[in-house]
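Everything quoted here is computed from the prediction, not taken from an experiment.
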Amino acid sequence: MPAWYSKGSGAMARGRGRGRWLLSTRLLNVCLAALCRGGSLALAESVLVDAIRLGLPPDVVTYNTLLAAHCRAAGLEAGLAVMRRMREAGVEPDAVTYNSLIAGASRRGLPIHALDLFDEMLQAGIAPDSWSYNALMHCLFRSGHPEDAYGVFADMAEKGIAPCSTTYNTLLDGMFRAGYAMNAYRMFRYLQRAGLPVGIVTYNTMINGLCRLGKVGYARMVLSELGRTDHAPNVVTYTAVMKCCFRYGRFEQGLDTFLSLLDKGYISDAFPYCTVISAFVKKGRMEEANTYCDLMIKNGSRLDSACYNTLIHLRCQEGKLDDAFELVSMMEDGGLESDEYTFAILVNGLCKMGHIEAAEKQLCYMEMRGMHYNVVAYNCLVDALCKLQEVDAAIRLLQCMKLKDDFTYTSLVHGLCRVGRYHMASKFLRICLREGNNVLASAKRAVIAGLRSSGFKNDLRKVRVALNMAKLLRP
DNA sequence: GTAGGGTTAG
C-alpha cells in the first residue's frame, strides 16, 4: 500500500474512495434514467451488466429507475421481477420502489395488487410517503372504488401526512370519474378561495373532467378563466379541447386546433396524433388517418400501447386484418402488452369482417390470458350477432355475460326490433331499466313504435311505466 | 418514483 494512502488519513482516503464510487453510481443512474426515458430498456439493461462487470455497484436508485421503466412498458409483473433481482443483489427496496409498483398496479387497473403492495410496505417497516398515498388513491379512483379512495385520503390526514397539489388534483380527477362533477367543481372553487395550490394540471383536470361529462359550458368557463391567469395552457389543455370538439361534432374546429399545434411545433408526444387519427377513422377518412399515422411515426416519439391500438384500429377498419395482427405481434415483440383496448379493437374488427367464430376465439383467448372481464369486446360480438339477425345467439351470449351495460342492451333491443320481435324487445328493455341501465332514445322509440303497430297494448303500458319510473329514479 | 391530455362498442 502506498505511503500517501495509509499515512494517517485512512478515513479520508476511504471517504474519498467511497465518494468516487458514489459519483460513478450516480453517473450510472443518470445514464440509465436517460436510456429508460428514451425507451431503450434493453440498452439500459446491458449498461447495467457492463457496470456490474466493471465492479460498479448498482444501488437502490439504479434498481428503482429500471423498475419504473419495466413497470411502465410491460406491466406490474415486470416491475416485481426487478424487485426480486434487487433483493438477490442485496439491495433492499425502499418507499420509491413500492410507490413505482403501486403506480404500475394503477396503470393496469389492479386495485387489489396496489392495496397488497401498500400493506407489504407497512409490514416491511417502510413508511409510506405522500406519493404512496397519492398513487394508491389514484388507483382506487381509476378502478371505480371512490369510497375506498376517500378512505385513503382520510387515512393520510389521520397519519399527519400533508396533502400536496397532486393529492388535490387526484381527488378532483377521481370525483369526475365517480360522476360527482358538481362536487369537483365546488372543491375547485374551494381550493382557489383557500389559496391552496391551483396550477395548470388542476385547470386541465377540470376542463377534461367537465368535457367528458358533457358539461361543455362549464368547461368553456374554466378555459376562459385559465386565459386570465398566469398559467399558460399547454398541449394537454389543447388535446382535451380537441377531443371535446371531435366528440360533440365540431370536427373542423378540432382539426384546426391540431393543425395549429402542429404548426407551432407544440406537439411533443403521440397523444394529439392518436386523438386526431381516431377522429379521422371514425369519419371513415382513412387516407388522412394514414397521413397522420406516418407523421406520428416520423415524429420519433416512442410508440406505446395506446399508439399501437390506434394503428391496429385503423388497419381493422380498413379491413386489413392481417396487417392488424402483424402490428399486435410487433408491439408484443417490442415488450409492450396488448390490453383491453387491443382485444376490443380486434374483436370488433373480426366481427366487422364477418369472422364471428374467430371473434369468439379471441374472447376465449382473452379469458385464458387471465385478463379482466372485457364488456366492450362482448358488446361488439352482441352487436355483430344482432346485425346478422342472429338474435337468439345474441341472447344466449348476453345471458352468460358477467356485466352488461347501456351498449349491450341498445344493441339487443335494436336487433330484436329489426326482426319484429317487439314483445321480447320490451322484456329486455324493462330488465335493462330495472338493472339501472339505459338504452339510446332511438331504441326506446323503436320498441314503442313496434309495440304500437303490432297492437301489444299491455306491453306498451308496462314499458311506459318502466320508462317513467327510471326517469324518476335517475339523478 | 406520484397527479392532467391520447386508443374500443350501441
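- Of all nucleotides listed (B/dG10, B/dG5, B/dA9), B/dG10 comes nearest to the side chain of A/T410.
- Looking at A/H414 and A/R418, their side chains never bring a donor and an acceptor atom within 3.5 Å of each other.
- Relative to the side chain of A/Y341, the nucleotides B/dT2, B/dG4, B/dT8 differ in distance, and B/dT8 lies closest.
- Closest contact between the side chain of A/I200 and the listed nucleotides B/dG4, B/dT8, B/dG10 involves B/dG4.
- Remark: the A/N309 side chain and the A/T342 side chain contain an N/O donor-acceptor pair separated by less than 3.5 Å.
- Here the P atom of nucleotide B/dT7 and the CZ atom of A/R108 are 17 Å apart, to the nearest Å.
- One interatomic measurement links the two molecules: NZ of A/K444 to C1' of B/dG10, which rounds to 13 Å at whole-angstrom precision.
- Between A/L321 atom CG and B/dT8 atom P there is a gap of 17 Å when expressed in whole angstrom units.
- Using a 4.0 Å cut-off between charged side-chain N and carboxylate O, A/K159 and A/D129 make no salt bridge.
- Side-chain atoms of A/N99 and A/N134 include no donor-acceptor pair closer than 3.5 Å.
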Check: Where do A/D339 and A/R108 land on the salt bridge (charged side-chain N to carboxylate O under 4.0 Å, His left out) test, with the steps shown first?
Finding: CA-CA 9 Å; A/D339 58 16; A/R108 304 284 149 160; over 6 Å; no
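- In this structure, CG of A/L210 is placed 13 Å from C1' of B/dG4, rounded to the nearest angstrom.
- A/N64 and A/T97 are linked by a side-chain donor-acceptor pair at a separation below 3.5 angstrom, with hydrogens and angles left out of the test.
- Between B/dG5, B/dA3, B/dG10, one nucleotide has an atom nearer to the side chain of A/S411 than all others, and that is B/dG10.
- As judged by a 4.0 angstrom heavy-atom cut-off over every strand, A/V276 is placed among residues making no nucleic acid contact.
- Between A/R418 and the phosphate of B/dG10, there is no side-chain N or O to OP1/OP2 separation shorter than 4.0 Å.
- Within the nucleic acid shown, A/N64 has no heavy atom closer than 4.0 Å to any nucleic acid atom.
- The nucleotide whose nearest atom lies closest to any side-chain atom of A/N208 is, among B/dG4, B/dG1, B/dG10, B/dG4.
- Closest to the A/C380 side chain, of the nucleotides B/dA9, B/dG1, B/dG6, is B/dA9.
- The distance between atom CG of A/N437 and atom P of B/dG10, rounded to the nearest whole Å, is 17 Å.
- One finds a side-chain N or O of A/R212 lying less than 4.0 angstrom from the OP1 or OP2 phosphate oxygen of B/dG5.
- With B/dA3, B/dG6, B/dT2 as the choices, the nucleotide that has an atom nearest any side-chain atom of A/R72 turns out to be B/dT2.
- In this view, A/F251 and A/F246, A/L255, A/A279, A/F280, A/K283, A/R285 satisfy the side chain to side chain contact (heavy atoms under 4.5 Å, CB included) rule, not counting sequence neighbours.
- No engagement by A/N374 is indicated, since no non-hydrogen atom pair under 4.0 Å with the nucleic acid exists.
- Closest to the side chain of A/T166, out of B/dG10, B/dG5, B/dT2, is B/dT2.
- Contacts between residues 306-316 of chain A and DNA chain B, defined by a heavy-atom separation below 4.0 Å, involve A/A306, A/C307, A/N309, A/T310, A/H313, listed by number.
- In terms of modelled atom types and a separation under 3.5 Å, the side chain of A/R247 and the main chain of A/R212 share a donor-acceptor contact.
- Listed pair A/K282 / B/dA9 meets the phosphate criterion, a side-chain N or O lying under 4.0 Å from OP1 or OP2.
- Remark: side-chain polar atoms of A/D304 are paired, donor with acceptor, to backbone N or O of A/C307 under 3.5 angstrom.
- Checking B/dA9, B/dT2, B/dG4 against every side-chain atom of A/V201, the shortest atom distance belongs to B/dG4.
- To the nearest angstrom, P of B/dG5 lies 14 Å from CG of A/D304.
- At a threshold of 4.0 angstrom between heavy atoms, the contacts of A/L440 include nucleobase atoms, whether or not backbone atoms are also involved.
- A/N99 has no side-chain polar atom (N or O) that falls below the 4.0 Å cut-off from OP1 or OP2 of B/dT2.
- Atoms CG (A/D269) and C1' (B/dG4) sit 12 Å apart, rounded to a whole Å.
- A/S106 contributes no side-chain N or O that, together with a main-chain N or O of A/I102, makes up a donor-acceptor pair within less than 3.5 Å.
- Using a 4.0 Å heavy-atom cutoff across all strands shown, A/A135 reaches no nucleic acid atom at all.
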Can you give each donor-acceptor pair under 3.5 Å made by side-chain atoms of residues 79-86 of chain A, sequence neighbours left out, with the distance rounded to 0.1 Å?
| from | atom 1 | to | atom 2 | distance (Å) |
| --- | --- | --- | --- | --- |
| A/R85 | NH1 | A/E45 | OE2 | 3.0 |
| A/R85 | NH2 | A/E45 | OE1 | 2.8 |
| A/R85 | NH2 | A/E45 | OE2 | 3.4 |

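- Across residues 236-249 of chain A, A/V236, A/T239, A/K243 each have a non-hydrogen atom less than 4.0 Å from an atom of DNA chain B (numbered order).
- In this structure, A/Y378 has its ring center closer than 6.0 angstrom to the ring center of A/Y373.
- In this structure, the nucleotide among B/dA9, B/dG4, B/dT8 sitting nearest to the side chain of A/F407 is B/dA9.
- Distance, A/I102 CD1 to B/dA3 C1': 15 Å, rounded to whole Å.
- Across all strands shown, A/R37 has no heavy atoms under 4.0 Å from either base or sugar-phosphate atoms.
- Applying the salt bridge (charged side-chain N to carboxylate O under 4.0 Å, His left out) criterion to A/R430, with sequence neighbours excluded, gives no partner residue.
- Using a 4.0 Å heavy-atom cutoff across all strands shown, A/L172 reaches no nucleic acid atom at all.
- Residues of residues 125-133 of chain A that place a heavy atom closer than 4.0 Å to DNA chain B, in numerical order, are A/D129, A/W131.
- A/N234 comes within contact range of at least one nucleobase, with a heavy-atom separation under 4.0 Å.
- Here the side chain of A/Y266 pairs no donor or acceptor atom with the backbone of A/F258 at under 3.5 angstrom.
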